[in-house]
2 protein chains.
Amino acid sequence: MKEQASRAVPDKPLEIHLGYWLRLVSNHVSGSFASALQVRQLSVAEWVALNHIERRADITAANLADAMHMTRGAISKIVDKLARKQCIVRVSSPRDNRAQLLSLTPSGKRTLPRLRAMADDNDEHFFGRLDTAERIELRRLLQKLADVHAIDTVPVD
Amino acid sequence: MKEQASRAVPDKPLEIHLGYWLRLVSNHVSGSFASALQVRQLSVAEWVALNHIERRADITAANLADAMHMTRGAISKIVDKLARKQCIVRVSSPRDNRAQLLSLTPSGKRTLPRLRAMADDNDEHFFGRLDTAERIELRRLLQKLADVHAIDTVPVD
DNA sequence: GACATCATGTTTCCATGGAAACCATCATGG
DNA sequence: CCATGATGGTTTCCATGGAAACATGATGTC
C-alpha cells in the first residue's frame, strides 16, 4: 500500500515549476541591483529608461513606454523623476506640440558609465559562477523563450 | 579611424546582461499566470501562500513570511484576504497566544487542485517549446544560481 | 516576581505601477 | 472649415509590498 497517494497531499510543490525558479532567481538579481542603485538614488526602472534614452536620443515618452513595456502613466512619473534629478531634459517636439523629446543632460551622460559598471558588476556577481558554456546556454534558452512567446514585441516606432 | 569608439555611445545595451533576459521572461511568465489566476479572484502571492499552507498545515504567519521571503506586514494582508475568501482559517495557537495557526478550509482544499492545474498549464505553455533536455538544463542552471547565492535560505523552522 | 528583551501580528505610511479618465493636439473625412 | 476620432502626456484611483511603529504576549535575568 503505497502510502495512499490518493487522498494525500499531491507531492507537486511549487518547485516543480520552472516559472518558480525563474521568478526566484530573477527577483533576487533585480533586488540586488536595486539595492546597488539605491546609493545613487535611482530605481531600476529609471536606469532602464536612461539606457533607452541614451541609445535613442529624442525618443518620445510614448515610444519609451513601448520599449519598456510599461504604461504611459508610469513612464510619465519616471520621466518626471529623471528630469527633477537633472538626468534628462524634455523638449517639445517642433513637429508635434503634444510630444516631448527626451534626451540626456551632460550630467546624465556622465553618470551613465558608472551605472553601467554597476550593472556589469551585478551581472558578473550573479552569473560569474557559471562557466562560459553555461552562460551562453542560459542566454540562448532565455532568448528562445522570449522569441517563441514574442516577448520582444517592441515597436519602438 | 574606427568611427571613434571613444566618445561614441558604448555599444553595450541592456540586452547583454543575463539579468535583463531573466527579468524579461520571468515577468512575462508571472504576468501570464497572474492573469489566469485573476478569473479566480486570486493573486500570485495568495496562490503561493495557499501552497505553503497546504504543505505545512498549522504554519504560523511568521513562518509563512519567511517561507515566502516577504515581510510579516505583507503576509498579514494576504492572510487576511485568504481568510475573507474562506480559503483558510486562523486559529490561535494553544501554546502561544500571539501566534495564529493557518490551515486550509474544505473549500480551500477543494479549489487547490484546480489552481494547481492552472499553474501546470501556465508552466507548460511557456516552457513547452523547450525540449526535455533544454528544460532540464534550464532548471539545473537556475537551481545552481539559487544554490550558489543561497537564495533558498528558507528557515521555515 | 519584576523588569528588560524579544517575537507575533497589525497598522500606518510610502513608493511603485497598472487602469482609466482627462486634456491638448494632431489627422482625416465630410 | 469643422466634427470626429486618434494620439501624447498627465492625473487620479487602486492594489501590492516594504519599513517602521505599535500592542500584545512570551522569555530570560536578576
Side-chain angles (χ1 to χ4, degrees), chain A residues 23-24 26-28 30-35 37-38 40-49 53 58-85 88-102 155-157, chain B residues 23-24 26-28 30-35 37-38 40-49 53 58-85 88-102 155-157:
Chain A
R23 201 161 60 92
L24 188 69
S26 170
N27 286 348
H28 221 247
S30 296
S32 167
F33 186 43
S35 298
L37 281 178
Q38 205 173 1
R40 285 287 201 291
Q41 312 273 22
L42 276 183
S43 72
V44 174
E46 286 164 359
W47 145 256
V48 175
I53 296 170
D58 291 346
I59 190 176
T60 66
N63 287 145
L64 184 57
D66 290 342
M68 291 181 63
H69 302 285
M70 289 176 64
T71 63
R72 290 189 301 265
I75 292 295
S76 181
K77 301 166 198 167
I78 292 173
V79 164
D80 208 51
K81 273 175 240 162
L82 287 176
R84 245 195 302 264
K85 290 171 190 164
I88 65 173
V89 284
R90 284 179 278 203
V91 178
S92 287
S93 166
R95 57 175 58 185
D96 188 338
N97 281 327
R98 298 168 299 177
Q100 47 189 220
L101 308 180
L102 309 176
V156 181
D157 247 22
Chain B
R23 201 161 59 92
L24 189 69
S26 170
N27 286 348
H28 221 73
S30 295
S32 167
F33 186 43
S35 298
L37 281 178
Q38 206 172 1
R40 284 287 201 291
Q41 312 272 20
L42 276 183
S43 72
V44 174
E46 286 164 0
W47 145 256
V48 174
I53 297 171
D58 291 347
I59 190 177
T60 67
N63 286 145
L64 184 58
D66 290 341
M68 290 181 64
H69 302 284
M70 289 176 63
T71 64
R72 291 186 307 257
I75 292 294
S76 181
K77 299 166 199 167
I78 292 174
V79 163
D80 208 51
K81 274 177 238 160
L82 288 176
R84 245 197 300 267
K85 289 173 191 164
I88 66 173
V89 285
R90 284 181 277 205
V91 177
S92 286
S93 166
R95 58 175 58 187
D96 188 338
N97 281 328
R98 296 168 302 176
Q100 48 189 219
L101 309 179
L102 308 176
V156 180
D157 248 21

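All chains are named by letter (A, B, ...) in the order of the sequence lines, taking the proteins before the strands, and each is independently numbered beginning at 1. Just so you know, these numbers come straight off a predicted model, no measurement behind them.
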Legend entry - Residues which pass side chain to side chain contact (heavy atoms under 4.5 Å, CB included) with B:Ser26, listed by chain and number, not counting sequence neighbours: A:Leu22, A:Arg23, A:Ser26, B:Ser30
Inset, instruction - Walk along DNA chain C from 5' to 3' and tell me the first and last nucleotide with an atom closer than 4.0 Å to a non-hydrogen atom of chain A. - result: C:dT16 to C:dC26
Do the non-hydrogen side-chain atoms of [X] and [Y] ever get within less than 4.5 Å of each other?
X: A:Thr60; Y: A:Leu101; answer: yes
X: B:Arg90; Y: B:Leu102; answer: yes
X: A:Leu42; Y: A:Leu82; answer: yes

Legend entry - Nearest-nucleotide comparison on DNA chain C, the residue closer to the 5′ end among B:Gly73 and A:Arg98: B:Gly73
Inset, instruction - Could you check A:Lys77 against B:Ala99 and say which one's nearest nucleotide on DNA chain C is further toward the 5' end? - result: B:Ala99
Legend entry - Stepwise side chain to side chain contact (heavy atoms under 4.5 Å, CB included) check, A:Arg84 with A:Asp80: CA-CA 6 Å; A:Arg84 245 195 302 264; A:Asp80 208 51; 3.2 Å; yes
Legend entry - Length of the CG-C1' vector between A:Asp66 and D:dG9, whole Å: 13 Å
Legend entry - From A:Arg40 atom CZ to A:Glu46 atom CD, the distance as rounded to the nearest 0.5 Å: 14.0 Å
Inset, instruction - Can you measure from NE2 (B:His69) to CD1 (B:Ile75) and round to the nearest 0.5 angstrom? - result: 11.0 Å
Inset, instruction - Would you check if the side chain of A:Lys81 reaches a backbone N or O of A:Ser43 as a donor-acceptor pair within less than 3.5 Å? - result: no
Inset, instruction - Please work out which residues in residues 89-97 of chain B have a non-hydrogen atom less than 4.0 Å from an atom of DNA chain D and list them by number. - result: B:Asp96, B:Asn97
Legend entry - DNA chain D: 5'-proximal contact among B:Arg72 and B:Ile75 (nearest heavy atom): B:Ile75
Inset, instruction - Using heavy atoms to find the nearest nucleotide of DNA chain D for A:Leu101 and B:Lys81 separately, return the residue whose nucleotide is more 5′. - result: A:Leu101
